[in-house]
Amino acid sequence: MSLIKKNKESKEIIKDIKKLKAEKNAVILAHYYVDGTIQDIADFVGDSLALSQKSAATDADIIVFVGVHFMAETAKILSPDKKVILPDINAGCSLADSCPDVDFEEFIKKHPGHTVISYINTSAKVKALTDIVCTSTNAVKIIESLPEDEKIIFGPDRNLGNYISRLTGRKMVIWDGACHVHNEFSLEGIIEQKKLNPEAKIIAHPECPKQILTVAEFVGSTSALIKYTKEAEANSFIVATEPGVIHEMKKLSPDKFFIPAPGEDAECACSECEFMKLNNIIKLYDCLKNEEPEITIDEEIRKKAYKSIKRMLDLS
Ligand code: 13P
Ligand code: SF4
C-alpha cells in the first residue's frame, strides 16, 4: 500500500475513533509506551500512577485502556461500574507474569508479620494479597510512610526493590522478578553511546539493574524522566527505558536529541515492550466499536485489591 493511501486510511480511522468515542461517552487512556499515533488521539496519556488516578476520577461510561492488562485491570478495580476495554487482551507484562499469585501467597506465608508492598505491575490476585500498592513514582514515599522497624516484603521487581532499599536504607524481603525490557539494557552499549555523545545525559528507569543505574546521571519513573528532559539544561539524552516515552520528550523539547539506550540483544537494539506495541489504531477502533475485549474481575478479589490501591492513592 502506498504511504499516501496508508496515511489517508489512518486519518479516516482516527476520525471514526473520535466519533465512536463521543457517541459512547468513552475516554481513551494511554500509557507513554504505546505508539505515538495513539498517544496523540488519547484523551489522557500518563504513567501508571497518573493513569490509575485518572481511571478513578473519570465520569465516562467506557474506559478504553491503551496499555497492558494489569493497567486496565487496575482501572476496573477502581471503577467497577464502568466498562473497561483493552484493544489487545494479549497485552501482558513480563514483570507481572514473573509473580504468580499462588507462589506469592506462599512467599508471604514464609515471612509472617511483614507488610506487603507490591508494585502496580501485578495481577489483581497479587494486589489482593498486598497491603499497599506502589508505582515507581511513589515507592520511596510509601516505604518511608511506614515506621522504621516495619518488616517489609517488596514485590515483584527486584531491581526497583533493591534501588529503593539503597535509597531509603530499609532492608526488605524482595521477590525475584524483573521486566524483560528494563533488565536487558546493555552496559557496554550505553557506555559506547556515551563515548560517541559525551554531552548526552544517561537517564534510566529504576526497573533497570544496578549496573545501569550506577552509570545513569538521572534515575526516575516515566513521568520523572520526561520532566527531567524538559527541565535539564542538557541538549541530548541516552534514554534507558521503553523508547515510547521519547514521543512525549520530543513534544516537550523539540530541539533536544534523544538516543534510545541499546539492549543486550544484538539482533534488535530497540528495547521496545512488545506487549505495549500490540496496541494499534485498528485494534483500538475495533475494540471501541465492539466494546471488547472487556476486563472482568471476581468481586471478592476486586474488593481486596481495591483496598491496597486505595492506600496508595491516599498516600500519593
Ligand atoms: P511507570 O510506573 O513509570 O509508568 O512504569 C510502568 C511500566 O510498565 C514500566 O515498565
Ligand atoms: Fe511490563 Fe516491562 Fe512492558 Fe513495562 S516495559 S509493561 S514492566 S514488560
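Index from 1, following the sequence. Counting convention: from 1, in listed order, for ligands and their atoms alike. A quick note: this is a predicted structure, and the numbers were derived from the prediction, not measured.
- Of all atoms in ligand 1, numbered sequentially from 1 with element shown, those under 4.0 Å from a heavy atom of S136 are 1 (P), 2 (O), 3 (O).
- For ligand 2 and Y33, the ligand atoms under 4.0 Å from any heavy atom of the residue are 4 (Fe), 5 (S).
- With 3.5 Å as the limit, one finds a donor-acceptor pair spanning the side chains of D47 and T137.
- Ligand 1 has no atom lying under 4.0 Å from any heavy atom of M276.
- The closest approach between a heavy atom of Y32 and any atom of ligand 1 is not below 4.0 Å.
- The closest side-chain heavy-atom distance from Q193 to P262 is below 4.5 Å.
- Proximity annotation for atom 2 (O) of ligand 1: of S48, C134, P206, S48 comes nearest, heavy atoms only.
- Of the candidates N121, L49, L225, L95, the one placing a heavy atom closest to atom 7 (C) of ligand 1 is N121.
- At least one side-chain heavy atom of R170 sits less than 4.5 Å from a side-chain heavy atom of E148.
- Within the structure, the closest approach of C179 to ligand 1 does not fall below 4.0 Å when heavy atoms are considered.
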Walk me through it: do T130 and S118 pass the test side-chain hydrogen bond (donor to acceptor under 3.5 Å, both in side chains)? CA-CA 6 Å; T130 295; S118 291; 2.7 Å; yes

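- The cluster map of Ile, Leu, Val, Met, Phe, Trp and Tyr, joined by side-chain heavy atoms under 4.5 Å apart, puts I14 and I85 in the same cluster.
- Side-chain contact between E272 and P243 is present, with at least one heavy-atom pair separated by less than 4.5 Å.
- When side chains are defined from C-beta on, Y163 does not count as touching S136, because their heavy atoms never get closer than 4.5 Å.
- Smallest separation of non-hydrogen atoms from A72 and V84: O-CG1, 3.5 Å.
- Remark: minimum distance from atom 3 (O) of ligand 1 to any protein heavy atom is reached at T222 OG1, 2.6 Å.
- For ligand 1, none of its N or O atoms has an N or O atom of D47 under 3.5 Å away.
- Of the residues T222, T241, L225, the one that meets the side-chain contact (heavy atoms from CB on, under 4.5 Å) test with Y32 is T222.
- Under the 4.5 angstrom side-chain criterion for Ile, Leu, Val, Met, Phe, Trp and Tyr, the cluster partners of V173 are F104, F107, I108, V116, V126, L129, I153, W175.
- Taking any N or O of H31, backbone or side chain, at least one lies under 3.5 Å from an N or O belonging to ligand 1.
- Using a 30° and 60° split on the angle between ring planes, H180 and F275 fall in the perpendicular class, above 60°.
- Near-neighbour remark for atom 2 (Fe) of ligand 2: protein N, O or S atoms under 2.8 Å are C179 SG; waters not counted.
- Of all protein heavy atoms, the one closest to atom 9 (C) of ligand 1 is E207 OE2, 3.0 Å.
- By the neighbour-count criterion of 12 heavy atoms within 6.0 Å, atom NZ of K289 is sparsely surrounded, having that number or fewer from other residues, nucleotides or ligands.
- In this structure, H205 is part of the shell of residues with a heavy atom less than 4.0 angstrom from ligand 1.
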